[in-house]
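Structure first, then comments.
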Number of protein chains: 2
Amino acid sequence: MTNRRFTSLENPTGEQTYKIIEEGLRKRAMILIFSCCRVCYYGRARSRLGPGERLIIIKPDGSFLIHQDRKVEPVNWQPPGSKVRVKIEDDGKILVESIRRKPAEKLTVEIERAHTISYYLARDIHELEVAGHEEDMRQLILESPDIIEKGFKPITREYQTSNGFIDILGKDENGSLMVLELKSRRAGISAVRQLKRYLEDFKDDKHGVRGVLVAPSITHDARELLEAEGLEFKSLEPPQELKKDHRMTLDKFISSR
Amino acid sequence: MTNRRFTSLENPTGEQTYKIIEEGLRKRAMILIFSCCRVCYYGRARSRLGPGERLIIIKPDGSFLIHQDRKVEPVNWQPPGSKVRVKIEDDGKILVESIRRKPAEKLTVEIERAHTISYYLARDIHELEVAGHEEDMRQLILESPDIIEKGFKPITREYQTSNGFIDILGKDENGSLMVLELKSRRAGISAVRQLKRYLEDFKDDKHGVRGVLVAPSITHDARELLEAEGLEFKSLEPPQELKKDHRMTLDKFISSR
DNA sequence: GATTGCATATCGTTG
DNA sequence: CAACGATGTGCAATC
C-alpha cells in the first residue's frame with residue numbers, strides 16, 4: 001500500500017526491497033526493514049554478527065539502528081550524519097552500507113531476505129521536556145540555599161580547580177568554604193573520590209573547608225569513604241517539576257537578580 | 001496479512017490496534033507501531049512529549065522503545081523486564097503502559113491514531129562478536145609485555161588501591177614499579193587524573209614509581225597535565241582481531257603458563 | 001572542530 | 001540484589 005505518508009510491503013523481492021530503500025532514502029523518510037541479515041562493523045572497534053532476523057531502522061538524519069529482539073541498545077548502529085548506500089547483488093541479496101567520515105566507521109548489512117519493508121514521513125515537532133537532572137538540583141539550591149543548611153550562601157557555580165569543575169562553591173554561616181558535589185542519582189564511591197580531589201586545591205585554607213556530597217542517596221562503601229575522609233552527605237532529591245511556562249522561569253530569574 | 005512469523009496491518013482501527021498489541025504480547029513477539037502519540041515518563045526522572053508521529057517498539061524481553069525520526073537514542077524507553085499493559089478507551093484511543101518495579105518507573109503512551117502496526121517472531125541465535133575493547137588491550141599487553149617497552153614485566157592485573165583498581169601493575173627492567181592505565185580510545189584529562197590518583201598510594205615508594213597512560217591517542221590538555229605530573233604516555237591501538245576459534249585462545253593461554 | 005561531563009545512561013561482572 | 005566500571009557509549013554545551 002502506498003500513499004504520501006508511508007509505504008509498506010510484505011515479503012518483497014530483492015528488487016522491490018532495493019527500490020523501496022532507494023525511494024525512502026530519496027524522500028528522507030524513516031525506513032524500517034524486518035529481515036534476515038548479517039552485519040559487519042569496522043571503525044572504533046570491529047564486530048561481526050551472524051545471520052538472524054532483526055529490525056533495521058534508517059532515519060532521515062543518517063542514524064542507523066539494528067535491533068535484535070532483546071535489550072534496549074541496538075546491536076549495531078551508526079550516528080546521525082552517516083551516509084547510506086544500497087546495492088543489489090546478482091543473486092538478489094541487498095547490501096546496505098553506512099559510512100561515517102570522522103571517526104572513520106563503516107557498517108555493512110547484508111540482507112538475505114526481507115520479511116517486511118516500509119518507510120514513513122514522520123510529522124513530529126515536539127521536543128522532549130525532562131526534569132530531574134543535576135542541573136535542576138543546581139537551580140533549586142541556588143534559588144533556595146537553605147535546603148543545604150541554614151545560612152548556606154552560594155558564591156559561584158562551576159568553579160574551576162586543577163581537578164575539574166566544582167558544581168557549587170559557597171560558605172556556611174560561619175564563613176567556612178563549602179564545596180558541593182551534586183549527583184542526580186544514588187552516589188557511589190567515584191562521586192566521593194571526585195569530591196576528595198576538588199578539596200585538594202583548598203587544603204591550605206586556614207578556616208577549613210567542608211566537602212558536601214549532595215545526592216538522593218549514597219552507597220554503603222561510598223558513605224564509609226566519605227566519613228573516613230571527614231566529608232559530609234546531604235540527601236536531596238532532584239526536583240522533577242516540568243516547567244509549564246517558560247515566562248515564569250524568566251520572571252523568577254529577573255526578580256532574583 | 002497474517003502468518004505464523006509475523007502480522008501487520010495498515011491504518012488499523014483502535015479496536016484492531018488493541019487486539020494486535022494484545023496478541024503480540026501474548027505470543028511474546030517484537031511489536032512495532034508507527035503512530036501519532038503522546039508520551040509520559042515518571043521514575044528516576046520525569047518527562048513529557050507532546051503529540052507527534054513516532055515508532056514504538058515493544059520487545060519480548062520487556063524492552064520498550066520510542067523513536068523519533070532523528071538521533072540514535074530513543075526519546076523514551078523502558079529496560080528489559082518491564083511489564084506492559086494495554087487498554088482501550090471509550091473514544092478508541094489506546095493506552096500502553098510499561099512498568100518497572102525497581103527502581104519504580106512508569107512509561108505511558110497514548111496512541112491517538114496508528115498508521116501501521118505489526119509484530120514479528122524473530123529467529124536469532126547469533127551473538128555479536130566484538131573486538132577492540134580495553135580488555136583486548138590488557139590481554140595483548142599481558143601476552144606481549146614488550147609492546148609497552150623492552151623489559152617490562154607485568155605483576156598483577158586489577159590491583160586494588162584506595163582510589164580504585166589499577167589496570168596493570170608491573171616493573172620495568174630496572175625494577176621500578178609501573179602503573180598502567182589503559183584506555184581503548186583517545187584519552188582525555190579525566191584519564192590522567194585517574195592515573196594520578198592511583199599513584200598516590202605509592203608516593204612513599206623509594207625506587208620511584210612510573211605512571212603510564214596507554215591509549216591510541218591523547219588530547220592536548222591531557223598531555224599537558226600528564227607531563228606536568230611527570231607521567232608518561234604510550235600509544236597503543238586496541239587489537240581488533242575477531243576470534244575465529246575459541247580453542248586457539250585456550251591453547252595460547254595454556255602454552256603461556 | 002575538539003573537549004568535557006551528564007545520562008531515566010545501558011550492560012556485564014562480581015561480591 | 002547491589003555496586004562498580006567499560007562503552008563503537010550518545011549527546012549537548014563550551015571552548
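In the text below, chain A, chain B and the rest are named by the order of the sequence lines, each starting its count at 1. No hydrogens, no waters, no symmetry mates; every other heavy atom, side chains included, goes into these values.
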Exam field: side chain B:Thr219 to backbone B:Ala222, donor-acceptor pair closer than 3.5 Å: yes
Whole-Å gap separating P (D:dT9) and CZ (B:Arg186): 13 Å
Parallel, tilted or perpendicular: ring planes of B:His67 versus A:His67, cut at 30 and 60 degrees: perpendicular
Under 3.5 Å: donor-acceptor pair, side chain of B:Gln240, backbone of A:Arg44: yes
With sequence neighbours excluded, residues passing side-chain hydrogen bond (donor to acceptor under 3.5 Å, both in side chains) with B:Glu127: A:Arg70
With A:Leu195, the side-chain contact (heavy atoms from CB on, under 4.5 Å) member among A:Lys183, A:Glu232, A:Glu229, A:Glu181: A:Glu181
Nucleotide-resolved protein contact map, nucleotides 10-15 of chain D, B/S/- at heavy-atom distance under 4.0 Å: SSS---
Stem segments of DNA chain D by first residue number [Watson-Crick or G-U, under 3.5 Å, at least 3]: C:1-7 with D:9-15, C:9-15 with D:1-7
Phosphate-side-chain proximity, B:Arg185 and D:dT9, N/O vs OP1/OP2 below 4.0 Å: yes
Atom-to-atom span, CD of B:Glu158 to P of D:dC4 - whole angstrom: 15 Å
Length of the line joining A:Gln160:CD and C:dT3:C1', which is rounded to integer Å: 13 Å
Distance-only polar pair, side chains of B:Tyr120 and A:Glu53, donor-acceptor under 3.5 Å: no
Under the side-chain hydrogen bond (donor to acceptor under 3.5 Å, both in side chains) test, residues paired with A:Ser98 that sit two or more places apart: none
Pair B:Glu200 + B:Lys196: basic N to acidic O under 4.0 Å: no
A:Leu95 side chain near A:Val86 side chain, heavy-atom distance below 4.5 Å: no
Atom-to-atom span, CG of B:Asp167 to P of D:dG5 - whole angstrom: 11 Å
N/O (side chain, B:Ser190) to phosphate O (OP1/OP2, C:dT4) under 4.0 Å: no
5' precedence on DNA chain D between A:His220 and B:Gly132 (nearest-nucleotide basis): A:His220
Sugar-phosphate, base or nothing in reach of A:Gly188, heavy atoms under 4.0 Å: sugar-phosphate
Residues which pass side-chain hydrogen bond (donor to acceptor under 3.5 Å, both in side chains) with B:Ser190, listed by chain and number, not counting sequence neighbours: none
Closest-nucleotide 5' rank along DNA chain D - winner of B:Glu134 and A:Ala187: A:Ala187
Presence of A:Ser184 side-chain N/O under 4.0 Å of C:dA7 phosphate oxygens OP1/OP2: yes
Upstream residue (5' side of DNA chain C) when A:Asn163 and B:Gly43 are each assigned their closest nucleotide: A:Asn163
Any donor-acceptor N/O pair, A:Lys59 side chain to B:Gln68 backbone, under 3.5 Å: yes
Touch class at under 4.0 angstrom, heavy-atom based, for B:Phe165 against every strand present: nothing
Comparing B:Thr219 and A:Lys183 on DNA chain C - which has the more 5′ nearest nucleotide: B:Thr219
Residues B:Asp124 and A:Arg54 bridged, charged N to O under 4.0 Å: yes
Side-chain N,O (B:Lys102) to OP1/OP2 (D:dA2) below 4.0 Å: yes
Any residue of residues 221-239 of chain B with a heavy atom less than 4.0 Å from an atom of DNA chain D: none
